[in-house]
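Right, one structure below, let's go through it.
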Amino acid sequence: MAEKFYITTTLPYTNSNPHIGFAAEIIKADVVARWQRLLGAEVIFSTGTDEHGLKIYQQAAAANLSPRDYCTPFVERFKKLHQILEISSTHFIRTSDENHLAAVQEFWRRVQVKGDIYKKRYQVKYCVGCELEKTDSELVDGHCPWHPNRELEIIDEENYFFRFSKYQQALLDFYKQQPNFVLPAHRQKEIINFVSSGLKDFSISRLAKKMPNGVPVPGDPEQVIYVWFDALVNYISVLGWPEENSLYTDFWPGIQVCGKDNLRQQTVMWQAMLLSLGLPPTKQVAVFGFLTFNGEKISKSKEGAIDPFLQVEKYNSDALRLYVLSDIMPFEDGDYNEDNLIRRYNADLANGLGNLSARVATLLEKNKIATNLSPQIPAPWHKDFNKSLNNFKLNEAWEILSREVRTANEKLSAAAPWKLNNQEEIKNILIPIAQTILNISWYLQIFLPAAAEKLLSQYGAAEIKKGESLFPRL
RNA sequence: CGCGGGGUAGAGCAGUUGGCAGCUCGCCAGGCCCAUAACCUGGAGGUCGUCGGUUCGAAUCCGACCCCCGCAACCA
């Protein structure tokens with residue numbers, strides 16, 4: 001029976017268009033999903049949209065739409081993004097989907113049965129100037145930084161709380177037992193320190209009359225479930241949990257990827273929630289760095305310039321995929337720089353693999369050499385390649401293929417078959433190189449699926465012919 | 001003394017059982033002419049953040065310091 005492999009991205013908040021950072025996240029997840037599929041695993045690759053919470057509620061109200069209807073065009077936009085980036089996701093979940101709502105409520109009930117939910121009155125500081133709640137960390141000298149002359153109001157609200165604190169030790173034990181739970185390792189250290197410093201129970205509901213855009217608390221229509229407590233459940237609700245005999249049984253636990261802003265929610269909060277129900281913890285969480293743009297933080301106003309749709313239109317999907325996979329270090333913050341994108345594409349694809357395949361194909365065709373090859377898997381680099389992918393070091397995996405291209409170019413130049421007349425000799429030089437190109441193409445499928453497909457059919461044919469330029473220079 | 005990451009060639013990064021400092025891109029010069037002005041060969045370019053210590057020998061181990069950057073409970 002095929003191995004089961006489950007990977008998910010975070011669910012982006014659906015009040016704006018897709019962000020280049022999310023594009024990078026989903027591309028990385030896609031590469032890993034494709035790799036597992038190539039290895040023969042049955043893969044579920046899930047992503048979706050988070051549609052609850054205050055911001056969407058307000059925007060929807062302003063547009064005179066229901067929150068779900070308000071989100072729908074953005075959902076379409078995200079799905080379109082998958083298309084243009086060649087994302088091989090299998091499931092798409094909206095937190096406003098019926099089955100998700102039901103799963104969240106069931107999740108809540110079970111946490112309640114465990115005695116991990118209680119009601120508590122607490123106070124929030126509220127700035128009437130902003131009409132927003134303020135946390136202490138936001139305040140300057142006890143006042144709202146934007147309205148320093150106004151006294152903050154203290155609002156009393158009664159909400160449900162999750163007994164987060166109860167799971168401190170269990171979480172620490174778990175991290176100790178699974179030293180590779182969080183990638184990279186230093187993020188695991190970070191959360192161990194965080195959890196060690198003590199966990200505070202947190203509020204997991206809001207008053208429905210103030211913020212109705214959420215999942216109703218079972219048995220208490222006056223409250224809705226806090227967005228995070230709701231959204232995190234998507235990782236299992238998309239698999240059909242809590243239904244018996246659903247995909248959940250075979251596919252959970254899976255691997256989650258996220259940006260570094262999500263570290264705590266994914267690796268601490270969500271794990272505590274799973275612990276409460278006695279469900280298996282996530283297998284692994286890969287935490288990626290952030291992108292800057294030309295050295296500066298990507299602000300709302302700059303977002304447009306590197307909108308992933310525009311980037312693909314301006315260059316192409318191969319260039320964007322390759323760039324975020326190879327030039328951006330997976331776990332570090334990276335700078336999105338279009339000159340580097342162009343340079344990378346031209347160096348590795350146009351001058352590298354593209355040019356190599358063109359010269360070999362031309363030589364084979366000119367000399368009328370029959371081939372009829374098929375990929376030889378595993379290739380010599382298979383083990384290293386696999387290891388890099390298992391650690392989400394996608395740049396390393398790409399570097400392995402890149403090196404093979406370089407070596408093939410060197411061999412070809414050294415042997416200089418274009419100077420020879422003996423066809424047998426020429427054939428003996430070209431066939432092994434054609435074989436290498438075919439092998440590289442097989443691995444290339446996870447990075448650049450469409451291009452790899454073309455190469456595989458070109459080099460897998462009985463007679464290799466010079467085709468169109470695969471990677472035209474930018 | 002809040003926690004964590006980092007400072008190695010113009011850029012991005014490798015480099016922990018200590019042993020002549022590496023890779024890719026970029027730049028310069030030559031070669032080649034099969035190929036997408038590409039490919040191959042060679043070269044220039046670094047006081048490995050600073051100071052001190054251990055050692056025959058330190059980017060690597062130890063100590064102090066300086067500087068950048070995240071996180072600090074809803075920002076991809």
Side-chain angles (χ1 to χ4, degrees), chain A residues 9-13 15-16 18-26 50 52-55 133 135-137 164 184-194 196-197 199-203 226-229 231 257-265 268-269 288-292 297-300 303 308 326-329 331-335 337 339-340 342-344 346-367 395-396 398-399 402-403 405-406 408-420 426 429-430 466 468-474:
Chain A
T9 67
T10 49
L11 303 189
Y13 200 65
N15 65 341
S16 62
H19 188 283
I20 190 80
F22 178 69
E25 176 181 327
I26 199 169
D50 179 4
H52 290 140
L54 188 63
K55 275 183 273 183
E133 292 177 10
T135 60
D136 285 333
S137 59
F164 199 26
H186 70 256
R187 294 284 175 206
Q188 179 135 344
K189 263 193 234 167
E190 193 176 326
I191 57 149
I192 288 174
N193 282 329
F194 168 66
S196 301
S197 72
L199 297 178
K200 279 196 292 190
D201 294 352
F202 62 92
S203 139
Y226 172 56
V227 277
W228 276 107
F229 202 79
V257 305
C258 65
K260 63 183 186 180
D261 58 304
N262 256 261
L263 178 67
R264 291 182 182 179
Q265 291 84 312
V268 189
M269 199 187 282
F288 303 135
F290 269 11
L291 292 177
T292 52
K297 196 166 177 169
I298 300 175
S299 58
K300 280 281 168 202
E303 232 176 274
S326 64
D327 232 59
I328 307 289
M329 298 296 119
F331 299 120
E332 311 294 322
D333 286 353
D335 190 42
N337 175 298
D339 291 339
N340 289 341
I342 293 168
R343 215 172 293 158
R344 170 64 75 164
N346 283 339
D348 287 8
L349 295 184
N351 302 347
L353 183 57
N355 184 53
L356 174 69
S357 78
R359 57 199 302 219
V360 172
T362 303
L363 286 165
L364 285 166
E365 190 177 353
K366 264 188 193 167
N367 291 286
N395 59 325
E396 252 180 42
W398 174 255
E399 191 49 42
S402 244
R403 199 160 45 228
V405 169
R406 234 170 277 131
N409 262 325
E410 286 165 22
K411 278 185 186 157
L412 188 58
S413 294
W418 50 87
K419 287 182 176 166
L420 304 175
I426 296 174
I429 293 165
L430 292 180
K466 182 170 165 47
E468 295 169 28
S469 176
L470 253 182
F471 305 110
R473 294 179 63 78
L474 288 177

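Quick note: numbers below take in every heavy atom, side chains included, and nothing from hydrogens, waters or symmetry partners. Residue numbers begin at 1 in each chain, while the letters A, B, ... track the order of the sequences.
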inquiry  = How many whole angstroms separate atom CG of A:Asp261 from atom P of B:rA76?
reply    = 7 Å
Between the protein and nucleotides 5-11 of chain B, which nitrogen or oxygen pairs are less than 3.5 angstrom apart?
residue : atom : partner  : partner atom : Å
B:rG5   : OP1  : A:Lys189 : NZ           : 3.1

inquiry  = Roughly how many Å apart are B:rA37 and B:rA44, using the C1' atom of each and rounding to a whole number?
reply    = 24 Å
task = With a 3.5 angstrom cut-off on both distances, give the Watson-Crick or G-U wobble partner of B:rG70, or none if there isn't one.
result = B:rC3
request  = Please list, chain by chain and in numerical order, all residues satisfying side-chain hydrogen bond (donor to acceptor under 3.5 Å, both in side chains) with A:Arg403, sequence neighbours excluded.
outcome  = none
query = What interatomic distance, in whole Å, is found between P of B:rA72 and the corresponding atom of B:rU50?
reply = 33 Å
inquiry  = Let's see if you can work this out: which of B:rC75, B:rC71, B:rC33 has an atom nearest to the side-chain heavy atoms of A:Glu190?
reply    = B:rC71
task = Give the rounded distance in Å between these two atoms: CD of A:Glu396 and C1' of B:rG12.
result = 15 Å
Throw together a table of side-chain donor-acceptor distances under 3.5 angstrom for residues 355-362 of chain A, partners on residues two or more places apart or in other chains.
residue  : atom : partner  : partner atom : Å
A:Ser357 : OG   : A:Gly354 : O            : 3.1
A:Arg359 : NH1  : A:Asn409 : OD1          : 2.7
A:Thr362 : OG1  : A:Ala358 : O            : 2.8

key: Sequence-distant partners of A:Glu365, side chain to side chain contact (heavy atoms under 4.5 Å, CB included), two or more places apart   = A:Lys465, A:Lys466
message = Tell me which nucleotide, if any, is Watson-Crick or G-U wobble paired with B:rU41 when both distances must be under 3.5 Å.
response = B:rA29
message = Measuring only the C1' atom in each nucleotide, how far is B:rG18 from B:rC25? A whole number of Å is fine.
response = 31 Å
message = Return whichever of A:Glu399 or A:Arg264 has its heavy-atom-nearest nucleotide of RNA chain B closer to the 5' end.
response = A:Glu399
remark   = When rounded to whole Å, the CG to C1' distance for the pair A:Asp50 and B:rC75 reads 13 Å
query = Can you tell me how far P of B:rG12 sits from CE of A:Met329, to the nearest Å?
reply = 10 Å
query = Hey, are the side chains of A:Trp228 and A:Asn262 touching, using non-hydrogen atoms and a 4.5 Å cut-off?
reply = yes
ask   = Considering residues at least two apart in sequence or located in another chain, which fulfil the salt bridge (charged side-chain N to carboxylate O under 4.0 Å, His left out) criterion with A:Arg406?
value = A:Glu399
request  = Scan every strand shown for a Watson-Crick or G-U wobble partner of B:rG12, both distances under 3.5 Å, and answer none if you come up empty.
outcome  = B:rC23
note = A:Asp348 meets the salt bridge (charged side-chain N to carboxylate O under 4.0 Å, His left out) criterion, sequence neighbours left out, with A:Arg344
key: Gap in Å between the two C1' atoms, one belonging to B:rA21 and one to B:rG4, rounded   = 29 Å
query = Is there aromatic stacking of A:Phe194 against B:rA72, centre distance under 5.5 Å, plane angle under 30°?
reply = no
inquiry  = Within the 4.0 Å limit for protein heavy atoms, which parts of nucleotides 35-43 of chain B are touched? Write it as a string from 5' to 3', B for base, S for sugar-phosphate only, - for none.
reply    = BB-SSSS--
query = Could you state the NE2-C1' distance from A:His52 to B:rC74, rounded to the nearest angstrom?
reply = 15 Å
request  = With sequence neighbours left out, write down each residue that passes ring pair (Phe, Tyr, Trp, His ring centres under 6.0 Å) with A:Phe202, or none if nothing qualifies.
outcome  = A:Phe162, A:Phe164
inquiry  = Between B:rC23 and B:rU8, how far apart are the two C1' atoms, rounded to whole Å?
reply    = 12 Å
key: Contacts of A:Lys260 that satisfy salt bridge (charged side-chain N to carboxylate O under 4.0 Å, His left out) - sequence neighbours left out   = A:Asp333
task = State whether A:Phe331 and A:Arg187 meet the cation-pi test: NZ (Lys) or CZ (Arg) under 6.0 Å from the six-membered ring centroid, and within 45° of the perpendicular axis.
result = no
query = Counting N and O atoms only, with roles assigned by atom type, does the side chain of A:Asp335 sit under 3.5 Å from a partner on the main chain of A:Asn337, one being a donor and the other an acceptor?
reply = no
message = Tell me the interatomic distance from A:Lys411, atom NZ, to B:rC32, atom P, rounded to whole angstroms.
response = 24 Å
ask   = Hey, does the side chain of A:Ser197 reach the backbone of A:Phe194 with a donor-acceptor pair shorter than 3.5 angstrom?
value = yes
Whole angstrom value for the distance that separates P of B:rC33 from CG of A:Leu363 = 13 Å
query = Under 4.0 angstrom, heavy atoms only, what part of the nucleic acid is A:Lys55 near: base, sugar-phosphate, or nothing?
reply = nothing
ask   = So, is A:Tyr13 near the phosphate of B:rA76, with a side-chain N or O under 4.0 Å from OP1 or OP2?
value = no
task = Would you classify A:Phe229 as touching base, sugar-phosphate or nothing, given that sugar-phosphate means primed atoms plus P, OP1 and OP2, and contacts are heavy atoms under 4.0 Å?
result = nothing
key: Gap in Å between the two C1' atoms, one belonging to B:rG57 and one to B:rC20, rounded   = 11 Å
query = Taking the P atom of each, how far is B:rA59 from B:rC27, in whole Å?
reply = 31 Å
query = Which whole number of Å gives the distance between the C1' atom of B:rG12 and that of B:rU17?
reply = 29 Å
message = Pick the closest RNA chain B nucleotide for A:Arg187 and for A:Phe290 by heavy atoms, then say which residue is nearer the 5' end.
response = A:Arg187
ask   = What is the distance from CG of A:Leu420 to C1' of B:rC32, rounded to the nearest Å?
value = 14 Å
Mate of B:rC51 where both pairing distances stay under 3.5 Å, Watson-Crick or G-U = B:rG63
